[in-house]
There are 2 protein chains.
Amino acid sequence: MGCKEIQATVRQIFSNYIEKKGLRKTPERFAILDEVYARTGHFDVETLYIQMKNASYQVSRATLYNTMDLLIDCGLIVKHQFGKNIAQFEKTYRCRQHDHIICTSCGKVEEYCDPRVHEIENTVAQVLDYTITKHSLYFYGICSDCRKKNKT
Amino acid sequence: MGCKEIQATVRQIFSNYIEKKGLRKTPERFAILDEVYARTGHFDVETLYIQMKNASYQVSRATLYNTMDLLIDCGLIVKHQFGKNIAQFEKTYRCRQHDHIICTSCGKVEEYCDPRVHEIENTVAQVLDYTITKHSLYFYGICSDCRKKNKT
DNA sequence: ATGTCTGCAAAGCTTTTGCACTGAT
DNA sequence: ATCAGTGCAAAAGCTTTGCAGACAT
């Protein structure tokens, strides 16, 4: 599936969601969705704002925050708080579900996937009687590069 | 081990830390430590500030934030970001290590402990070559109470 | 005595809100 | 023609910072 097809598909998902919720299909909302899906990796609202200001489409911060909430609600993006006060976002469609490890020395973020996370999720859901909708798992530590540098 | 003994012990830990770092043993720092360890559960800086203002000891927000950083650094408290922008803190000494599940409907926070988290940690550390110092794991969902209410 | 720590207030940053205008339905 | 959505700017809320005075060493 190429970039164009993914764009078309997520637009369709978003479109269905908007209809279902009885909201309006504004050009801003789809422009933001495109911009989000053109990005790779993590980003924050301010970065997206600057980028869209400089590029073809102008949007306000208010609309960006509003649309982020919609995209989260329909599952097209996820929101992270990597220990800072700046929320980081990440697209999810056609992206393998994964968790993150952050190097506290250089700030590098890497991804991994371990099926045991879901096993734990199932156990916790059963024991505490929750309907779990999402999880967030982060490991923090020192990456091998930083370990070497510190020894020098 | 009673409350008094815990207070004495954590004061000693903090005292050693301050000496090792070449910092000063100010009354404010120990007053904040006491207050933190007198609390149960999670709290934010503003709550602590109000409480200390109303109680025997007056401290500034600046000192509170400063001291929180020290207490985190010496491992006497941990900092959480439960998806909001308000940092939540929690004491750690003599507290069983645990993770959290948050009800997205009523905001209730419950705790659980699953040994498989450490197994995942070990695997990730080995595969990606990190020295992992901490992790944060949160599940989000709907608790049984809220599920019942929504059906009414 | 020295220089770190404190308190206060101001500033900084991200996010939210109020309001008038715009545009999707 | 409605009224939800947008943009702008102001406000809000948590956290950090600058600076003068206080006090631990």
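Reckoned from all heavy atoms, side chains included, excluding hydrogens, waters and symmetry mates. Model, not experiment: these values are computed from the prediction. Proteins get letters first, then strands, A, B, ... in listed order; numbering begins at 1 in each.
Within the 4.5 Å cutoff, no side-chain heavy atoms of D99(B) are placed close to those of D114(B). Residues S136(B) and H80(B) form no side-chain contact, since every pair of their non-hydrogen atoms from C-beta on lies 4.5 Å or further apart.
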| said: Strictly under 4.0 angstrom, non-hydrogen atoms only: write out the protein contact profile of nucleotides 19-25 of chain C, one letter per nucleotide from the 5' end, B, S or -. | reply: ----BBS
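In this structure, Y130(B) has its ring center at least 6.0 angstrom away from the ring center of Y140(A).
Of the possible donor and acceptor atoms, none in the side chain of T67(B) sits under 3.5 Å from a partner among the backbone N and O of R29(B). Here the side chain of Y93(A) pairs no donor or acceptor atom with the backbone of I13(A) at under 3.5 angstrom. Of the possible polar contacts, one joining the T92(A) side chain to the G75(A) backbone as a donor-acceptor pair under 3.5 Å is found.
For the residue pair N122(B) / Q126(B), no side-chain donor-acceptor distance below 3.5 Å is found, with atom types taken as modelled. No side-chain donor from either of H135(B) and H118(B) sits under 3.5 Å from a side-chain acceptor of the other. Using modelled atom types and a 3.5 Å distance limit, the side chains of Q88(A) and Q81(A) yield no donor-acceptor pair.
Note: CZ (R29(B)) to P (dG7(C)) measures 11 Å, nearest angstrom. Atom pair E19(B):CD and dT4(C):P shows a separation of 18 Å (rounding to whole Å applied).
Near DNA chain D, defined here as any heavy-atom distance below 4.0 Å, the residues from residues 57-77 of chain A are Q58(A), V59(A), S60(A), A62(A), T63(A), N66(A), listed numerically. Within residues 30-54 of chain B, no residue places a heavy atom under 4.0 Å from DNA chain D.
Looking at R39(A) and E90(A), no side-chain N of the basic residue comes within less than 4.0 Å of a carboxylate O on the acidic one, giving no salt bridge.
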